[in-house]
2 protein chains.
Amino acid sequence: MVAIDIATRVWNHTFKLDPIIRSLLDTDFYKLLMLQLIWGRYRDVDVTFELINRSHTVRISDEIDEAELRAQLDHARTVRFSKQEMIWLAGNTFYGKKQIFRPEFLQWLATFELPPYDLKRADGQYELLFHGPWMYTMMWEIPALAIINELRSRSAMRGLKRFELDVLYARAKTKMWEKVERLSSLSDIRISDFGTRRRHSFLWQRWCVEALKEKLGSRFSGSSNVLLAMQTDLEAIGTNAHELPMVAAALAETDEALSTAPYRMMQDWQEWYDGNLLVVLADTFGTRSFLEGAPDWVAQWTGFRPDSAPPIQGGEEIIDWWQERGVDPRERLLVFSDGMDIDSIEETYHHFKGRVRMSFGWGTNLTNDFRGVAPEPMPGLKPISLVCKVKEANGRPAVKLSDNPAKATGRPEEIARYQRVFGTEGAILRTVEV
Amino acid sequence: MVAIDIATRVWNHTFKLDPIIRSLLDTDFYKLLMLQLIWGRYRDVDVTFELINRSHTVRISDEIDEAELRAQLDHARTVRFSKQEMIWLAGNTFYGKKQIFRPEFLQWLATFELPPYDLKRADGQYELLFHGPWMYTMMWEIPALAIINELRSRSAMRGLKRFELDVLYARAKTKMWEKVERLSSLSDIRISDFGTRRRHSFLWQRWCVEALKEKLGSRFSGSSNVLLAMQTDLEAIGTNAHELPMVAAALAETDEALSTAPYRMMQDWQEWYDGNLLVVLADTFGTRSFLEGAPDWVAQWTGFRPDSAPPIQGGEEIIDWWQERGVDPRERLLVFSDGMDIDSIEETYHHFKGRVRMSFGWGTNLTNDFRGVAPEPMPGLKPISLVCKVKEANGRPAVKLSDNPAKATGRPEEIARYQRVFGTEGAILRTVEV
């Protein structure tokens with residue numbers, strides 16, 4: 001008895017498209033935390049987000065059909081939070097706390113929809129912009145990136161036959177599992193999935209997450225993907241991102257106000273969240289100047305997420321800074337999440353073991369490592385360094401410097417101004433792989 | 001919409017067992033060809049088949065539960081040819097010929113059922129015997145072996161978790177596909193699946209067969225498995241096996257009659273079959289003596305299947321013999337099928353390319369190569385050298401000498417008599433891996 005459910009089959013072949021974004025929870029958890037703050041305090045700020053492909057040699061608009069991209073973006077705009085999702089957001093415990101989301105916020109969120117987008121082709125790339133109130137445009141970042149990355153993989157694999165595809169995924173599983181087995185030998189590792197935006201596909205991300213869950217047990221602390229966290233009974237992981245200090249800085253009217261903008265945004269944050277949600281992202285305008293200018297209360301936050309310096313160097317710098325302030329690093333947390341892969345995870349883990357609490361956010365190299373698994377080299381399966389960044393806030397240009405000048409974004413004259421205000425000491429140029 | 005067909009699910013959980021043999025066509029094609037000859041000419045001969053585990057150190061009865069084994073054997077006895085199968089046997093073209101099976105034979109076959117079996121545990125092994133008319137007992141060989149081998153793999157994998165299993169099959173696919181890719185670079189290869197009896201499982205065999213079909217196209221000549229040939233629109237492949245000369249020899253009343261028994265059986269064969277079905281299996285009592293004693297008409301058969309000598313040595317011996325008889329080997333076929341794997345296939349292919357037509361029957365190392373794919377070493381996944389051989393014909397002991405004394409079967413005193421009659425020249429002792 002080979003039974004195919006006839007209704008399912010009929011439903012399948014009425015598909016206009018195979019939607020990539022099927023839930024508004026298919027985003028990073030920190031987006032929701034930041035959204036609540038923005039909704040609470042920055043409701044009137046307009047922010048433009050912009051797609052940036054740092055892998056210039058990859059001509060995305062040659063790889064992905066514009067009509068297909070529009071169809072996926074349009075579909076994402078039709079998605080709403082379901083009742084089940086809203087109930088889960090209201091009832092679930094996040095980071096050990098009940099009701100992290102305020103009822104009025106959830107009430108507003110229940111009718112949320114992604115705002116319009118602005119798409120043009122230009123010289124092999126897509127110019128993709130999201131204009132409007134911050135509390136709407138910021139929600140495009142993750143789905144937009146996930147859509148483009150998944151369309152790239154679909155396009156790359158289009159010519160493969162059935163068994164070639166089957167073997168491709170078999171090889172990817174084999175490769176991934178070898179990494180999981182290596183992780184599994186690190187007795188105190190704490191690691192989570194941060195790979196939504198760069199994933200090969202939603203289903204592949206789910207496979208990776210479930211594999212980690214089975215093999216690592218509680219050492220796998222969860223997923224940044226809220227939908228996967230809900231579906232697989234994992235913790236939703238994440239705190240805050242560069243957009244907060246970037247917008248705060250863009251809104252600053254003087255150089256003086258600019259230099260203290262990151263700390264003001266953190267004060268906002270700690271009025272809304274506490275405990276393990278107090279994680280400092282210090283590299284937006286250079287970690288060195290952030291640490292030098294930081295008020296004392298910053299050392300009381302739970303941890304730091306060094307994000308653009310080499311992990312060991314970045315971690316040491318923060319440990320030194322804690323120690324100068326009389327804080328025992330063993331009571332603090334470092335979250336490593338910048339382009340990590342198994343080798344750098346192992347190295348960083350062994351380097352800091354016993355000296356500080358650690359946790360790893362594993363992104364692109366978790367959910368999109370298809371290098372060497374295709375039957376022949378397929379450039380379309382190589383992940384690219386694609387980001388969606390704040391371009392402007394209330395019409396004023398936004399900037400990110402980061403510890404790695406290759407990751408800087410913004411207009412050249414504004415970058416120069418920021419460098420004058422924050423300094424450039426401690427910056428280390430590294431190739432951005434992913 | 002996640003749709004699960006409710007009826008299928010309910011049907012599934014009413015399973016008493018997951019049957020390994022679900023069709024009487026799930027056997028080797030040569031069994032049906034031989035069966036027709038036996039039905040036509042040896043209807044009154046009783047033949048006992050016996051299970052022999054040549055991998056003595058593997059204690060099968062510790063690995064496989066007796067009740068489970070009985071349940072599978074009992075289930076196989078309930079299976080009948082379906083109407084669809086009978087129509088396919090009657091209407092399909094085999095080896096380029098229509099109606100290879102006579103209508104009266106098919107009429108008899110339509111009600112075929114596997115006869116009773118005789119099972120006992122003894123010293124870590126199962127004594128499994130099939131007594132009765134040859135035309136019934138011979139049909140047990142393949143399903144009995146497939147059942148035991150699949151029960152071994154099921155038992156080995158019982159403790160694995162969901163993702164461990166998933167990765168195990170991913171690794172097996174990866175490994176298998178590497179072999180297929182290597183085969184694919186051999187431009188004139190002709191290869192078929194001979195792996196039913198030793199397969200890891202039916203579903204795995206089907207995956208392997210479909211992978212070969214997709215990648216090699218027409219260079220994959222087909223499967224010895226009749227059910228898979230039918231389901232996947234491939235040629236059913238196979239000609240004849242050792243049981244024919246073994247029974248002919250056992251029935252011989254004098255040493256004189258014994259020495260010519262193999263040729264007499266071949267004369268029977270060529271009255272029923274012709275063309276590419278005329279493939280000589282010369283090693284039953286030693287290839288050397290077979291060739292020396294062979295009547296001239298044997299050189300007119302399409303080819304030889306050297307089965308227990310090293311492939312290159314065995315092939316050269318037959319080529320020499322053809323040339324001595326003025327036959328051009330390029331018009332003849334060698335079928336290599338003894339424990340072949342990718343290395344020996346490549347070596348043999350390059351060695352004989354252009355000198356003789358070649359075809360490969362790929363068995364155990366195609367359908368049961370799980371070495372190195374389990375999360376930790378699992379001896380239960382290592383294939384064993386398990387065979388089901390003729391023990392007696394009409395109460396007289398049967399013998400196989402083969403070119404490799406490690407493959408000899410029969411009572412010691414009978415082996416000695418056969419060695420006296422056929423000689424032992426040319427025998428080469430090799431370890432039997434599979």
Side-chain angles (χ1 to χ4, degrees), chain A residues 1-15 18-19 22-23 82 84 160-185 203-204 206-217 220 231-232 370 372-376, chain B residues 1-15 18-19 22-23 82 84 160-185 203-204 206-217 220 231-232 370 372-376:
Chain A
M1 174 162 150
V2 176
I4 291 164
D5 182 76
I6 298 172
T8 309
R9 183 61 182 267
V10 169
W11 188 69
N12 281 347
H13 66 61
T14 61
F15 272 13
D18 180 357
R22 297 169 180 224
S23 159
S82 72
Q84 177 202 14
L160 294 183
K161 294 181 192 158
R162 187 176 146 220
F163 278 81
E164 283 175 340
L165 270 177
D166 195 3
V167 171
L168 184 141
Y169 283 105
R171 285 182 177 159
K173 286 177 179 179
T174 300
K175 188 173 190 190
M176 166 61 191
W177 195 255
E178 277 163 21
K179 296 185 188 182
V180 179
E181 284 184 328
R182 283 171 62 183
L183 285 180
S184 169
S185 69
L203 292 176
W204 178 247
R206 188 162 71 187
W207 190 91
C208 294
V209 164
E210 294 191 331
L212 281 164
K213 186 182 176 193
E214 180 181 290
K215 187 75 183 176
L216 298 183
F220 180 53
Q231 288 180 346
T232 58
F370 281 68
V373 305
E376 49 204 69
Chain B
M1 173 163 151
V2 177
I4 290 163
D5 183 77
I6 298 171
T8 308
R9 183 62 183 267
V10 170
W11 188 69
N12 281 346
H13 66 58
T14 61
F15 273 15
D18 180 357
R22 295 168 182 227
S23 158
S82 72
Q84 177 202 15
L160 294 184
K161 293 181 193 159
R162 187 175 147 220
F163 278 81
E164 283 175 340
L165 268 178
D166 196 2
V167 170
L168 184 142
Y169 283 104
R171 286 182 175 159
K173 286 178 179 179
T174 300
K175 187 173 192 192
M176 167 62 193
W177 194 257
E178 277 163 21
K179 296 184 187 181
V180 179
E181 284 184 328
R182 281 171 66 183
L183 284 179
S184 169
S185 68
L203 292 175
W204 178 247
R206 188 161 74 188
W207 189 91
C208 294
V209 164
E210 294 190 332
L212 281 163
K213 186 183 176 192
E214 180 181 290
K215 186 75 182 176
L216 298 182
F220 180 52
Q231 288 179 344
T232 58
F370 282 67
V373 305
E376 47 203 70

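Chain letters run A, B, ... following the sequence lines, proteins first and then strands; every chain starts at 1.
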> So how far is it from A:D166 CG to A:L160 CG, rounded to the nearest 0.5 Å?
Replying inline: 11.5 Å

> Once you round to the nearest 0.5 Å, how far does SG of B:C208 lie from NZ of B:K173?
Replying inline: 10.0 Å

> A:F370 and A:A172: which non-hydrogen atoms are nearest, and at how many Å?
Replying inline: CE2-CB, 3.6 Å

>> Does A:R206 form a side chain to side chain contact (heavy atoms under 4.5 Å, CB included) with A:L203? I'd like the steps, not just the answer.
In response: CA-CA 5 Å; A:R206 188 162 71 187; A:L203 292 176; 3.6 Å; yes

> Residue by residue, which of residues 175-185 of chain B have a heavy atom closer than 4.5 Å to a heavy atom belonging to chain A?
Replying inline: B:W177, B:E178, B:E181

> What residue pairs, at least two apart or across chains, pass salt bridge (charged side-chain N to carboxylate O under 4.0 Å, His left out) with a residue in residues 208-217 of chain B?
Replying inline: A:R162-B:E210

> Are the aromatic ring centres of A:F163 and B:W207 under 6.0 angstrom apart?
Replying inline: yes

